[in-house]
There are 2 protein chains.
Amino acid sequence: MSEAALLSNAAAEPKTLVEGAYQRLRRDIIEGVHAPGEKLRVEHLKDQYDVGAGTLREALLLLVTDALVVTQGQRGFRVAPISIADFEDITRTRVLLETEALRQSITLGGDDWEASVVAAFHRLSRAEEKLADHDPGTTEEWEKRNRAFHEALISASPSRWIRHFQNILYQQSERYRRISPFRQPIERDIHAEHQALFDATLARDTTRATSILTEHILRTLDAVKRMPTDFFTGKKKL
Amino acid sequence: MSEAALLSNAAAEPKTLVEGAYQRLRRDIIEGVHAPGEKLRVEHLKDQYDVGAGTLREALLLLVTDALVVTQGQRGFRVAPISIADFEDITRTRVLLETEALRQSITLGGDDWEASVVAAFHRLSRAEEKLADHDPGTTEEWEKRNRAFHEALISASPSRWIRHFQNILYQQSERYRRISPFRQPIERDIHAEHQALFDATLARDTTRATSILTEHILRTLDAVKRMPTDFFTGKKKL
DNA sequence: TCAAGCATTTTTCTCGAGATTTGATTAAGC
DNA sequence: GCTTAATCAAATCTCGAGAAAAATGCTTGA
């Protein structure tokens with residue numbers, strides 16, 4: 001695993017079996033294939049992912065890094081549980097880090113940065129058009145481009161650590177968004193928000209850009225808070 | 001490894017060999033026993049730490065979590081390299097997170113929190129007195145109490161994620177401080193700073209407390225920046 | 001009927017050996 | 001003399017089996 005993989009979880013070519021299993025497992029957890037709180041038995045999963053027991057253990061250990069898997073003492077591995085409080089924490093911390101990174105980007109970003117933002121926004125807009133037409137299977141693509149757009153915005157920040165932490169948190173919030181009850185159709189408003197964010201950023205209006213970004217991120221919080229609270233306590237398999 | 005271990009790296013009783021090796025390795029890296037950039041050969045280390053090869057691999061993988069060890073492709077493990085830019089990044093990000101956490105603590109902290117801050121400050125003060133008398137071997141103890149004080153200050157923050165990230169960064173900066181050329185005698189001024197920080201916090205003066213904390217953290221940065229720049233490029237063993 | 005203690009079964013954790021890949025040394029060719 | 005290729009050694013990655021621990025079910029007794 002390269003430093004890039006360490007600091008960004010980028011989807012590089014898996015050069016080792018551990019990496020491969022790690023990436024597939026991570027995707028499956030984020031997409032909800034493995035439910036929150038679910039026990040992850042090495043014996044079962046090693047067949048499912050076609051690797052040895054030791055290799056799978058190492059992959060699970062790497063997922064502990066991302067806080068997508070928890071492990072305690074001698075009692076094996078488990079998909080990280082979810083809670084409203086946790087999602088609120090993730091969201092607010094994301095705001096703190098991402099606004100700071102955006103501030104730095106706007107201050108320091110050059111032509112290359114602007115170009116990458118323009119490009120990412122363009123790609124995202126196209127995906128949102130297709131989404132409005134209710135094309136099936138485009139959600140996956142939108143998800144990737146949305147992330148790419150957010151990453152482009154802060155890519156001129158010189159702080160590798162902020163970007164590293166931001167990646168972890170984005171991953172976390174993506175899992176929350178994808179878990180069924182939260183899953184909501186991507187509305188038309190989202191595009192307007194992205195447009196406003198894009199405009200303010202390119203205009204180098206730091207105050208306005210960070211303000212929009214804050215609202216944008218916090219919006220996802222409302223949807224979750226409207227969920228029935230017993231969802232979290234109800235279906236945990238112990 | 002418990003959730004506590006995941007989110008705080010707390011020095012809990014090592015319930016498993018992997019954990020034990022992980023903790024000892026981490027301490028040795030932070031203390032500079034394994035120099036930055038040094039290659040970590042599994043075959044050598046497994047004897048040194050009295051565990052099997054697979055077990056040591058898992059411990060190293062956990063250290064990748066903390067960004068104390070890096071690994072690329074099929075080329076094994078290596079102690080994370082150091083650089084001035086990295087330390088500056090660590091320090092500034094620490095300021096961002098720690099001031100926010102302190103802000104939250106001051107706003108939300110109750111009597112229990114105040115009590116823990118008072119207690120931690122008292123312990124730290126005693127350690128600083130002993131340090132002024134040039135007692136040998138007290139640096140270790142001061143290091144622990146200093147960390148405990150900083151943790152107590154932000155312990156009333158409800159954000160587990162901020163505290164988690166703060167832990168990682170504190171660990172990182174501790175390594176930088178301990179690596180020989182940076183190693184500087186703990187001066188008397190430090191105590192005055194801690195005192196001021198303590199006073200402002202208990203007075204619930206958010207603005208003043210965060211301001212002092214910022215200066216306090218940034219101070220360590222100056223010392224490093226005064227170092228000869230070729231230190232970083234010079235002794236890297238490749 | 002319920003609780004407590006014991007035995008069984010499952011699962012995790014640990015280890016050493018085999019298969020691949022990387023890096024280094026040496027030799028050949030231009 | 002310098003670059004390129006091939007051979008060899010070292011280290012990493014991978015796997016399955018054995019030891020330790022935890023979870024489960026069953027029997028026994030009140």
Side-chain angles (χ1 to χ4, degrees), chain A residues 1-6 12-26 29 34-35 37-65 68-81 236-238, chain B residues 1-6 12-26 29 34-35 37-65 68-81 236-238:
Chain A
M1 190 160 47
S2 65
E3 191 191 2
L6 162 65
E13 287 302 297
K15 272 293 171 196
T16 166
L17 283 188
V18 174
E19 262 189 77
Y22 162 69
Q23 289 181 10
R24 279 179 292 160
L25 259 167
R26 187 180 60 189
I29 290 175
H34 301 296
E38 183 184 312
K39 194 120 180 35
L40 295 168
R41 286 182 205 78
V42 177
E43 283 302 311
H44 286 182
L45 268 55
K46 82 188 179 94
D47 300 326
Q48 195 172 335
Y49 289 89
D50 263 315
V51 290
T55 306
L56 191 82
R57 263 187 74 81
E58 294 192 2
L60 287 170
L61 242 28
L62 281 177
L63 284 164
V64 173
T65 301
L68 288 171
V69 165
V70 294
T71 164
Q72 46 175 323
Q74 211 102 302
R75 268 176 270 171
F77 298 90
R78 205 173 267 281
V79 178
K236 269 185 202 158
K237 305 170 193 172
L238 291 175
Chain B
M1 186 161 50
S2 65
E3 191 190 0
L6 162 65
E13 289 301 300
K15 273 292 171 198
T16 167
L17 284 188
V18 174
E19 263 188 77
Y22 163 69
Q23 289 181 11
R24 279 178 293 159
L25 258 167
R26 185 180 60 189
I29 290 175
H34 302 295
E38 183 184 312
K39 193 124 183 33
L40 296 168
R41 284 182 203 79
V42 177
E43 283 302 311
H44 287 180
L45 269 55
K46 81 187 181 95
D47 300 326
Q48 194 172 335
Y49 289 89
D50 263 316
V51 291
T55 305
L56 191 82
R57 261 187 75 82
E58 294 193 1
L60 286 169
L61 242 27
L62 282 176
L63 284 164
V64 173
T65 300
L68 288 171
V69 165
V70 293
T71 165
Q72 45 176 324
Q74 222 83 308
R75 269 176 271 170
F77 299 90
R78 204 173 266 282
V79 178
K236 268 183 201 159
K237 305 169 194 172
L238 292 175

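The sequence lines fix the lettering, A, B, ..., with proteins before strands; numbering per chain opens at 1. Quick caveat, the model's predicted, so the values are computed rather than measured. Just the heavy atoms: all of them, side chains too, but no hydrogens, waters or symmetry mates, feed the values below.
- Considering only heavy atoms from C-beta on, B/Phe77 comes within 4.5 Å of B/Arg57 through its side chain.
- Distance check: B/Thr16 OG1 to A/Arg75 CZ gives 13.5 Å after rounding to the nearest 0.5 Å.
- Distance CD (B/Glu43) to C1' (D/dA10): 10 Å, rounded to an integer number of Å.
- In this structure, B/Arg75 places its CZ atom 12 Å from C1' of D/dT12, rounding to the nearest Å.
- A heavy-atom distance below 4.0 Å to DNA chain C is reached by these residues of residues 46-53 of chain B, ordered by number: B/Val51, B/Gly52.
- Rounded to the nearest 0.5 angstrom, A/Thr65 OG1 and B/Leu61 CG are separated by 7.0 Å.
- Counting to the nearest Å, the P atom of D/dT12 and the CD atom of B/Gln72 are 13 Å from each other.
- We find that CG of A/Leu62 is positioned 11 Å from P of D/dC13, with the value rounded to whole Å.
- Among the candidates B/Val42, B/Val18, B/Leu60, the single residue satisfying the side-chain contact (heavy atoms from CB on, under 4.5 Å) test with B/Thr55 is B/Val18.
- Here the side chains of A/Val69 and A/Ile29 are in contact, with some heavy-atom distance below 4.5 Å.
- Straight-line distance from the NE2 atom of B/His44 to the P atom of D/dA10: 11 Å, rounded to whole Å.
- In this structure, A/Leu17 CG and A/Leu56 CG are separated by 11.0 Å, a value rounded to the nearest 0.5 Å.
- At whole-Å resolution of the value, CD in A/Gln74 and C1' in D/dA20 are 7 Å apart.
- Protein atom CG of A/Leu61 is 14 Å distant from nucleotide atom P of D/dC13, rounded to whole Å.
- Counting any heavy atom pair closer than 4.0 Å across all strands shown, A/Leu40 reaches sugar-phosphate atoms only and no base atom.
- Residues A/Arg78 and A/Lys39 share a closest heavy-atom pair of NH2-CD, 3.4 Å.
- Remark: B/Lys39 is in phosphate contact with D/dT12, judged by side-chain N or O atoms under 4.0 Å from OP1 or OP2.
- Nucleotides of DNA chain C that come within less than 4.0 Å of any heavy atom of chain B span, from the 5' end to the 3' end, C/dC13 to C/dG23.
- A 4.5 Å side-chain heavy-atom check between A/Leu25 and A/Leu68 finds every atom pair outside the cut-off.
- For A/Gln48, the side-chain contact (heavy atoms from CB on, under 4.5 Å) partners at least two apart in sequence or on another chain are A/His34, A/Leu45.
- Atom OH in A/Tyr22 sits about 16 Å away from atom P in D/dC13, given to the nearest Å.
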